[in-house]
Amino acid sequence: MPIKQLTVFLENKLGRLAEVARILKNENINLQGFSTTEARDYGILRIVVSDPDKAREALKKAGFTTHIADVICVGVEDKPGELLQILDTLTEKKINIDYIYVIAGTRVVLSVPDIEEAEKILGEKGLRICF
Amino acid sequence: MTANKKFWDENISTASKDKIKEIQLERLRKTVKHCYKNNNFYKKRLGDAGVNPDKINSLEDLKKIPFTTKDDLRDNYPFGLFCTPLSEVVRVHASSGTTGNPTVVGYTKNDLDMWAENLARIMYDVGVRKDDIVQVSHGFGLFTGGFGFLSAAEKIGCMVIPISGGVTERQLKVMKDYKSTVIACTPSYCLYMAEVAENTGVKFEDLNLKFGFLGGEPWTDSMKDEIEKRLKIKALNSYGLSEVLGPGVSCECLEQNGLHINEDHFIAEIIDPDTGKTLDIGEKGELVFTSLTKEAFPVLRYRTKDISYLIDEPCACGKTFIKMAKPMGRSDDMLIIRGVNLFPSQIEEVLLKIKDLEPHYLIVVDRVNYMDTIEVWVEVSEKIFHEKIMDLEFFEKSIEEKLYSSIGIRIKVKLKEPKTIERSEGKAKRVWDKRKEK
């Protein structure tokens, strides 16, 4: 089952990321992991949190533009070759990954066009899908 | 007066061209004499130009009269252009004076009556009646918007809510609880109200609002469509400026293809802003007004700096007054970007047609290494935000392409977080020209 990832639009200016972190802290929401992508004058922040709906409400209230998307979360161990195993499995089936990042608890979050299909393939390979 | 007549004053609103011209000539003679006799500035100005106030023989003679400009008003601050003793003046209004001395205008008792009459006629002729409830969300104070609509709506017999601008949640509550049917404010404030309504769950289809008399700033057809769609009203372009009267100079009828000018009180001309030459009907240029019935503050050929053209064709609404096209900008709002003339309204026209883009924007002009740069800031709402940076870049690029194909210069689009662009409760600030700060 996919997990919910929260995406936040951020202008590239001082203190905006800190503002997001502060809002989450004030709402007592745990930030489990994140990644950022930057363009010319803005970036997007992808976060995995303990309560995505509550986090979204709080961020919206503070004026942030947000989006919720399904992503796959795969549990890995802290040892060589773990990432490769995921990548090989998907490459073999010609599934391209849009983006991928690591979150706390040695888990990898990734996005692909067809989430259900990819989860099935990864599961069949014995990889641990987290949710 | 019967309650169901179509026009406020049918004799005037549907008068023949000849009849209008006759009235205009008679009143023009009177106004020129009044200015000459009772004001030193005008006496000298007319004298220097060789205009004999007793020899205004036709409307063509208007062309001999020198223009009056905003600088003339400023130079004669505060009361130098008043043509009656101050003891006859019962009210003053003034511009904000952000760029110099404010311009102060005065009204006698008759002037106030005539003002209310002009605007009441406009409102009545599009369908406002005494059972209407008019919410005046223009500012009350030195700005003419608030008091202008108050007096006019009272003259019709409407119930007026003089709520003034601001406190938007309260505006919406009043609109709902008092069942307002007409609103008067700036068009940008209308859109801000729509945004607040959407955020607070107010639905315009549940309200009673029918008409908006919107003015105080130039606005485009795209903006009109947006307002009509979101507020479920007829958004009518109402034009006026304090130097000439305030609201009540001209306004759209329900046909919405031009603003009928109250020709028995004002003569409109279009001139070439560079040469001062009078242009023909249909030619685009600067609007110039001469008042015909004002006592305290008449104006002779006042240059408005608004860019428009005149439309002289029969109108389906039945009114015979000549129309002016909605002002497309002001000659002093015109931006020159790397030598190309550009009005903010051209950018607005493009932006407001883009689906899901919020109707708030700021044009930022700068000069970097001797080159003009121009960018447009727009906000990223949830409607356009998905989680891929590629989608945002594509969105940015597609707006840039649309701007380029319609305007012909490259304008950089900058995506901004929601609410970072200032919302206006009065006249919107659409341009930030950093070149002027250097």
For A:Lys54, look at atom NZ and say whether over 12 heavy atoms of other residues, nucleotides or ligands are found less than 6.0 Å away.
yes
Counting only heavy atoms not in A:Phe34 (residues, nucleotides, ligands), do more than 12 fall under 6.0 Å from its CZ?
no
Indicate yes or no: at least one non-hydrogen side-chain atom of A:Lys13 is less than 4.5 angstrom from one of B:Thr420.
yes
Nearest-0.5 Å distance that lies between atom OG1 in A:Thr7 and atom NZ in B:Lys388
9.5 Å
I'd like to check A:Tyr42 versus B:Glu396 (side-chain heavy atoms, cut-off strictly below 4.5 Å). Are they in contact?
yes
Are more than 12 heavy atoms, taken from residues, nucleotides or ligands other than A:Lys120, located less than 6.0 Å from that residue's NZ atom?
no
Side chain, backbone, both or neither: which part of A:Phe64 has a non-hydrogen atom closer than 4.5 Å to chain B?
both
Tell me, yes or no, whether the heavy-atom count around B:Glu422 atom CD, taken from other residues, nucleotides or ligands under 6.0 Å, exceeds 12.
no
Check each atom of B:Ile384 against the heavy atoms of chain A and say whether the ones under 4.5 Å are side chain, backbone, both or neither.
neither
Kindly check if the number of other-residue, nucleotide or ligand heavy atoms within 6.0 Å of NZ (B:Lys232) is above 12?
yes
Quick one: does A:Arg16's side chain get under 4.5 Å of B:Glu417's, heavy atoms only?
yes
Interatomic distance, B:Leu415 atom CG to A:Arg40 atom CZ [nearest 0.5 angstrom]
8.5 Å
Please determine, among B:Met390, B:Lys419, B:Lys412, the option with the most heavy-atom pairs under 4.5 Å with chain A.
B:Lys412
Hey, does the side chain of B:Glu382 reach the backbone of A:Thr65 with a donor-acceptor pair shorter than 3.5 angstrom?
no
Verify the neighbour count for atom CG of B:Asp177: are there more than 12 heavy atoms of other residues, nucleotides or ligands below 6.0 Å?
yes
Got more than 12 heavy atoms from elsewhere within 6.0 Å of NZ, B:Lys429?
yes
